[in-house]
There are 2 protein chains.
Amino acid sequence: MSHTLGIRQAQKQKTRQAFLDAALALLEEQSLSSLGLREVTRAVGVAPTAFYRHFRSTADLGVALVDEALGSLHPMVRTTVSTAGDSEERITRAIELIAHHVDSHPAHVRFIARERHGGVQPVREAIQSQLARFAEEVKAELAKDPQAEGWSDDDLLMLAHLYVDQMLITASLFLETLEGSEDERERVSQIATRQMRLISIGRRHWLD
Amino acid sequence: MSHTLGIRQAQKQKTRQAFLDAALALLEEQSLSSLGLREVTRAVGVAPTAFYRHFRSTADLGVALVDEALGSLHPMVRTTVSTAGDSEERITRAIELIAHHVDSHPAHVRFIARERHGGVQPVREAIQSQLARFAEEVKAELAKDPQAEGWSDDDLLMLAHLYVDQMLITASLFLETLEGSEDERERVSQIATRQMRLISIGRRHWLD
DNA sequence: AATTCCAGAGAACAGTTGTTAACTGGATGA
DNA sequence: TCATCCAGTTAACAACTGTTCTCTGGAATT
């Protein structure tokens, strides 16, 4: 299926990726709505006008960054929720996965947390839509669990949203401890674990 | 205690408030890190240099906005948590209070949601610190409840954080439905209510 | 080999930005 | 009444912004 790209297309994709990388780096210390087009081209090392060969605007670039940051995350979320083991094991594993993902892609996590409620509408919408997809996928996995018997569709979706939001809160907490001590990270891990545990308990007794 | 201000001081405070109001309005469609000083002065109708009589920078103005948006909210949060009635009544009342607050101060809510993870460090820190205060206050109220018997301090604080985060998530959801239909708002209300209910159930069975 | 294509360069545009310095005129306190 | 104070003004600064049009040179196609 995969077609070998010509030299030209390959170079273009390489430059495009350079734009995404440079923008992501610049966005660690500001919001997308203040990111200038020239600022990005300067960081990449190309002429300002080259920008237009790849993106219509910085908002457009932002939407591409949303895809890069969240697009490849769906399989991970699905398998995390559906992983075998008892409730406690799954919680531990989920928290570990989040911590690891924040460690390896801190700029992506920061970007999503920042722009989820940020000042650029198309980017906000792109994030919301991806998060809604996450919730739907989590819901689908939850529905397979025997624990979900007797649950209405609405309730499954509300629980899925709770999990997705909790995932983001936890990721953002880990992000804040990135330059902190091991103790801090351990403390965040404990809080997040207990919050997930409390939600799981609520889930178990929901139908009482 | 309150000292009557002279004409001069009164005028200054009036102008300062005009700055805060104008900035808040401009921030509905962008982030603080892209808010220009001249942009604000233009909206207020004063010369650019007048800005410096009130704020060192736009970041400084942002911190003042955090105080305005969250400073007066502490009593409300305290009483909401400590209100009498059974669990279900308290949840309904809390959600109603949030919905009402979003209705009457939408720009404040948007500002907090946006800048909580925004690109301006001092503002982020100001928000974090206020939210930490909220959590401490909620924890103090929770500790008074007979249900809290046998709970460790750590667990009370983790539950308090869960409530505070849930409050923000709900507020932000209501914000998105502000220009939507009554049905949408009702749906958000239902989801938020059930999520709070699930957390309450988890809380009740925590010590099992 | 000749032609078309197109990512990126270069120059120029009118507007914008934050910050400085020196000012004005009405409120304030002696 | 007179000197002091200070919120807001005016003018000017170099630096920056997004966008347009024109051009170039190597890859792609015929």
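Quick caveat, the model's predicted, so the values are computed rather than measured. Lettering of chains follows the sequences in order, A, B, ..., and the numbering in each one begins at 1.
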Closest-nucleotide 5' rank along DNA chain D - winner of Arg56(A) and Lys12(B):
Lys12(B)
Heavy-atom nearest pair, Arg194(A) first then Ser152(B), reads NH1-OG, 4.3 Å
Please name the pair of heavy atoms, one in Ala43(B) and one in Leu26(B), separated by the smallest distance, quoted to 0.1 Å.
CB-CD1, 4.2 Å
Looking only at non-hydrogen atoms, find the nearest pair between Gly119(A) and Ser31(B) and report the distance.
N-OG, 3.3 Å
Just to be sure I understand the rule, does Ser57(A) reach a base, reach only the sugar-phosphate, or reach nothing, if contact means heavy atoms closer than 4.0 Å?
nothing
Whole-Å distance, Gln11(A) CD to dG8(C) C1', equals 10 Å
In whole angstrom, what separates Phe55(B)'s CZ from dG8(D)'s P?
11 Å
Do the side chains of Leu198(B) and Ser200(B) get nearer than 4.5 Å, heavy atoms only?
no
Between CZ of Phe51(A) and P of dT20(D) the distance, given in whole Å, is 13 Å
Taken to the nearest whole Å, CG/Asp60(A) to P/dG18(D) is 15 Å
If you compare every side-chain N and O of Thr15(A) against the phosphate oxygens of dG8(C) (OP1, OP2), does one of them come in below 4.0 Å?
yes
Taking all atoms of both residues into account, what is the closest heavy-atom pair of Leu32(B) and Gly62(B), and its distance?
CD2-CA, 3.9 Å
Which residues in residues 28-43 of chain A have a heavy atom closer than 4.0 Å to any atom of DNA chain C?
Arg38(A)
Using a heavy-atom cut-off of 4.0 Å across all strands, would you classify Ala50(B) as base, sugar-phosphate, or nothing?
base
Do nucleotides 21-30 of chain C as a string where each nucleotide becomes B, S or -: B if the base has a protein heavy atom under 4.0 Å, S if just the sugar-phosphate does, - if no protein is that close.
B----BBS--
On the 0 to 90° scale, with breaks at 30° and 60°, tag the Phe134(B)-His74(B) ring pair as parallel, tilted or perpendicular.
parallel
For Gln17(A), I'd like to know if atom CD has over 12 heavy atoms of other residues, nucleotides or ligands within 6.0 Å.
yes
Ile127(B) and Arg116(B) have their tightest heavy-atom pair at CD1-N, 3.6 Å
Could you work out how much the helix from dT19(C)-dA12(D) to dA30(C)-dT1(D) bends, comparing the axis of its first five pairs with that of its last five, to 10°?
10°
CD of Gln147(A): more than 12 outside heavy atoms within 6.0 angstrom?
yes
When all nucleic acid strands are considered with a 4.0 Å heavy-atom cut-off, which category describes Tyr52(A): base, sugar-phosphate, or nothing?
base
Can you check whether Pro75(A)'s main-chain N or O pairs, donor with acceptor, with Thr79(A)'s side chain at less than 3.5 Å?
yes
Just checking Arg90(A): does its CZ atom have more than 12 heavy atoms from other residues, nucleotides or ligands closer to it than 6.0 angstrom?
yes
